[in-house]
Structure formats: C-alpha cells, structure tokens
Amino acid sequence: MKENYDCLKLENQLCFPLYACSKEIVRRYTPLLEELDLTYTQYIVMMVMWEEQETNVKTLGEKLYLDSGTLTPLLKKLETKKYITRTRCKDDERNLVIQITKEGMDLRKKAKSVPEELGKCVNLEPKEAGELYKILYKILNHFQENQ
C-alpha cells in the first residue's frame, strides 16, 4: 500500500502563503520606510510608541511578539536616532522604561502616509482585510495562550 504524502506538499501548507505574504509586504514597506530612516521592525516599535508614549521592554516585547534579545539592539538604534529614551525604573532597576521623544513624535507626521501607500499594494477590499486581520490575530492569540 502506497503512503500518502499530500500533507507535505507545499500547496497544502498554510504556513507558506503566510510566510510569502509577510515577506512581500515587508519588501514593499522597505522603500516607504527608507524615507523615514527606519527598518520595518523599528517602524512597528515606533507605532507602539506613538500610541503609548511610554512603556517598558517586557510590555513592548509582548505586544510585538519580540524577545528582549531582538529589542535591545533595536531600541539602542532608535535611541541613537533620538526617537526614544531608555531609562531604568527607579523602583525596579531590572525594568527598562522607554519613552518617546519630541523627535520621535515628529516622525509620526512623516509616517502618516505609509499605511495608505502600503494599502495600495494589497489587493483586498476593506471587509476582506478586516476578516484576514481577525483570523491572523486568532492564530496569534492561540499561540500566545499555548506557550
């Protein structure tokens, strides 16, 4: 009896189109973000900072699904660019507090057009985009709950 290996076909993998779409979207972000002197990962950090203004590394990592080993060099670079400051919490020296600077907030004005420009590259109706968003967060939340 011949074994069925259909489960190993690339066309049957959910992970592959997710990976390929993610890679293509980040590739399309690149020229838009180069104008802001940001990488994609720096951009998503800045999006959180524009919203929160102040947070700590642990909370930021949880929100972005990034570990401190990834965040530390990223935050150092953003601090060098004067977009954020990093200070130790007075109550708990282990806690690193991140605050956005005026320069960081000013960058938000320049970045405002990025989502719309990227949206032109993605061929989805608003309803489809909303459904995809919900499905992707359902997957992410499941992973987070089952760590």
Side-chain angles (χ1 to χ4, degrees), residues 1-86 89 94-101 103-147:
M1 186 172 174
K2 188 177 176 185
E3 276 194 71
N4 184 340
Y5 290 98
D6 284 353
C7 66
L8 295 178
K9 288 183 177 179
L10 189 61
E11 67 192 39
N12 293 332
Q13 306 305 308
L14 176 62
C15 60
F16 180 71
L18 286 171
Y19 159 77
C21 283
S22 175
K23 187 173 71 75
E24 287 302 312
I25 286 173
V26 170
R27 187 171 71 82
R28 283 168 172 78
Y29 264 112
T30 301
L32 301 170
L33 297 179
E34 280 175 352
E35 294 177 24
L36 304 173
D37 190 29
L38 293 176
T39 64
Y40 177 75
T41 319
Q42 291 170 347
Y43 175 65
I44 62 174
V45 167
M46 291 306 297
M47 284 195 290
V48 172
M49 296 309 299
W50 292 324
E51 190 175 336
E52 304 289 330
Q53 268 102 70
E54 180 178 307
T55 189
N56 62 47
V57 173
K58 183 178 185 225
T59 303
L60 184 63
E62 288 170 354
K63 194 167 234 175
L64 297 176
Y65 299 88
L66 296 172
D67 60 39
S68 63
T70 302
L71 278 174
T72 298
L74 192 66
L75 294 172
K76 282 182 181 180
K77 190 80 163 176
L78 289 171
E79 188 172 41
T80 301
K81 294 178 184 193
K82 302 195 183 321
Y83 294 150
I84 62 160
T85 59
R86 299 175 309 140
C89 180
R94 297 169 297 174
N95 192 4
L96 192 61
V97 177
I98 305 146
Q99 289 182 303
I100 195 161
T101 63
E103 292 89 342
M105 285 305 291
D106 290 346
L107 185 65
R108 182 171 66 165
K109 292 178 189 100
K110 294 179 186 173
K112 190 172 183 214
S113 64
V114 171
E116 184 180 333
E117 287 301 312
L118 189 77
K120 294 175 185 175
C121 300
V122 180
N123 187 23
L124 289 177
E125 296 297 322
K127 184 178 178 188
E128 292 172 316
E131 290 169 3
L132 179 59
Y133 180 90
K134 285 180 192 172
I135 291 167
L136 292 173
Y137 267 99
K138 181 179 181 180
I139 294 168
L140 281 172
N141 290 334
H142 177 76
F143 286 148
Q144 202 166 34
E145 290 166 5
N146 294 290
Q147 286 189 29

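We use all heavy atoms of the structure for the numbers below, so side chains are in, but hydrogens, waters and symmetry mates are not. Keep in mind the model is a prediction, meaning the values are calculated, not measured.
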Original post:
So which heavy atom on Val57 is nearest to which on Leu71, and how close?
Top reply: O-CD1, 3.7 Å
Subject >> Within residues 17-28 or reaching into it, pairs that qualify as salt bridge (Lys or Arg N to Asp or Glu O under 4.0 Å) - sequence neighbours excluded >> reply: Glu24-Arg27, Glu24-Arg28
Subject >> Which atom of Asp37 lies closest to which atom of Gln42, heavy atoms considered >> reply: O-OE1, 3.8 Å
**OP:** Only counting residues at least two apart or in another chain, list the ones meeting side-chain contact (heavy atoms from CB on, under 4.5 Å) with Glu62.
**Re:** Lys58
Original post:
Charged N to carboxylate O under 4.0 angstrom, Glu103 versus Lys82?
Top reply: no
Subject >> Counterpart residues, side-chain contact (heavy atoms from CB on, under 4.5 Å), relative to Thr30 (two or more places apart) >> reply: Glu34
**OP:** Could you name each residue pair satisfying salt bridge (Lys or Arg N to Asp or Glu O under 4.0 Å) that touches residues 134-145, not counting sequence neighbours?
**Re:** none
Original post:
Is there side-chain contact between Leu38 and Leu107, with at least one heavy-atom pair below 4.5 Å?
Top reply: yes
**OP:** Could you list all the ring pair (Phe, Tyr, Trp, His ring centres under 6.0 Å) pairs where at least one residue sits in residues 20-40, not counting sequence neighbours?
**Re:** Tyr29-Tyr40, Tyr29-Tyr43
**OP:** Check side chain to side chain donor-acceptor pair (under 3.5 Å) between Thr85 and all other residues, then give those that pass, not counting sequence neighbours.
**Re:** none
Original post:
With sequence neighbours excluded, what pairs up with Glu35 under the side chain to side chain donor-acceptor pair (under 3.5 Å) test?
Top reply: none
Would you tabulate the side-chain donor-acceptor contacts of residues 110-124 under 3.5 Å, counting partners in other chains and residues two or more places apart, or write 'none'?
unit_1	atom_1	unit_2	atom_2	d
Glu117	OE2	Lys120	NZ	3.0

Original post:
Would Ile100 and Met46 count as a side-chain contact (heavy atoms from CB on, under 4.5 Å) if you check the C-alpha gap in whole Å, the side-chain angles of each, and the deciding distance to 0.1 Å?
Top reply: CA-CA 8 Å; Ile100 195 161; Met46 291 306 297; 3.9 Å; yes
**OP:** Could you grab the distance from atom CG of Leu36 to atom OG1 of Thr39, nearest 0.5 Å is fine?
**Re:** 11.0 Å
Original post:
Does the side chain of Thr72 reach to within under 4.5 Å of the side chain of Leu96, using non-hydrogen atoms?
Top reply: no
Subject >> Rounded distance [0.5 Å steps], CZ in Arg86 versus CG in Leu78 >> reply: 9.5 Å
Subject >> Leu64 and Thr70: CA distance, side-chain angles, deciding distance, side-chain contact (heavy atoms from CB on, under 4.5 Å) verdict >> reply: CA-CA 11 Å; Leu64 297 176; Thr70 302; over 6 Å; no
Original post:
Who are the side chain to side chain donor-acceptor pair (under 3.5 Å) partners of Arg108, not counting sequence neighbours?
Top reply: none
Show me the donor-acceptor pairs, under 3.5 Å and distance only, between side chains in residues 8-20 and residues at least two apart or in other chains.
unit_1	atom_1	unit_2	atom_2	d
Lys9	NZ	Asp6	OD1	3.4
Asn12	ND2	Asp6	O	2.7
Gln13	NE2	Cys7	O	2.4
Gln13	NE2	Lys9	O	3.1

**OP:** Please collect all side chain to side chain donor-acceptor pair (under 3.5 Å) contacts where either partner lies in residues 46-57, sequence neighbours excluded, each pair once.
**Re:** Glu52-Lys63, Glu54-Gln99, Asn56-Thr59
Original post:
Can you tell me how far OH of Tyr83 sits from CE of Met49, rounded to the nearest 0.5 angstrom?
Top reply: 14.0 Å
**OP:** Quick one: list whatever passes side chain to side chain donor-acceptor pair (under 3.5 Å) with Asp106, sequence neighbours left out.
**Re:** Lys102
Subject >> Note, Leu75 side chain near Leu60 side chain (heavy atom, < 4.5 Å) >> reply: yes
Subject >> NZ/Lys77: more than 12 non-hydrogen atoms of other groups inside 6.0 Å >> reply: no
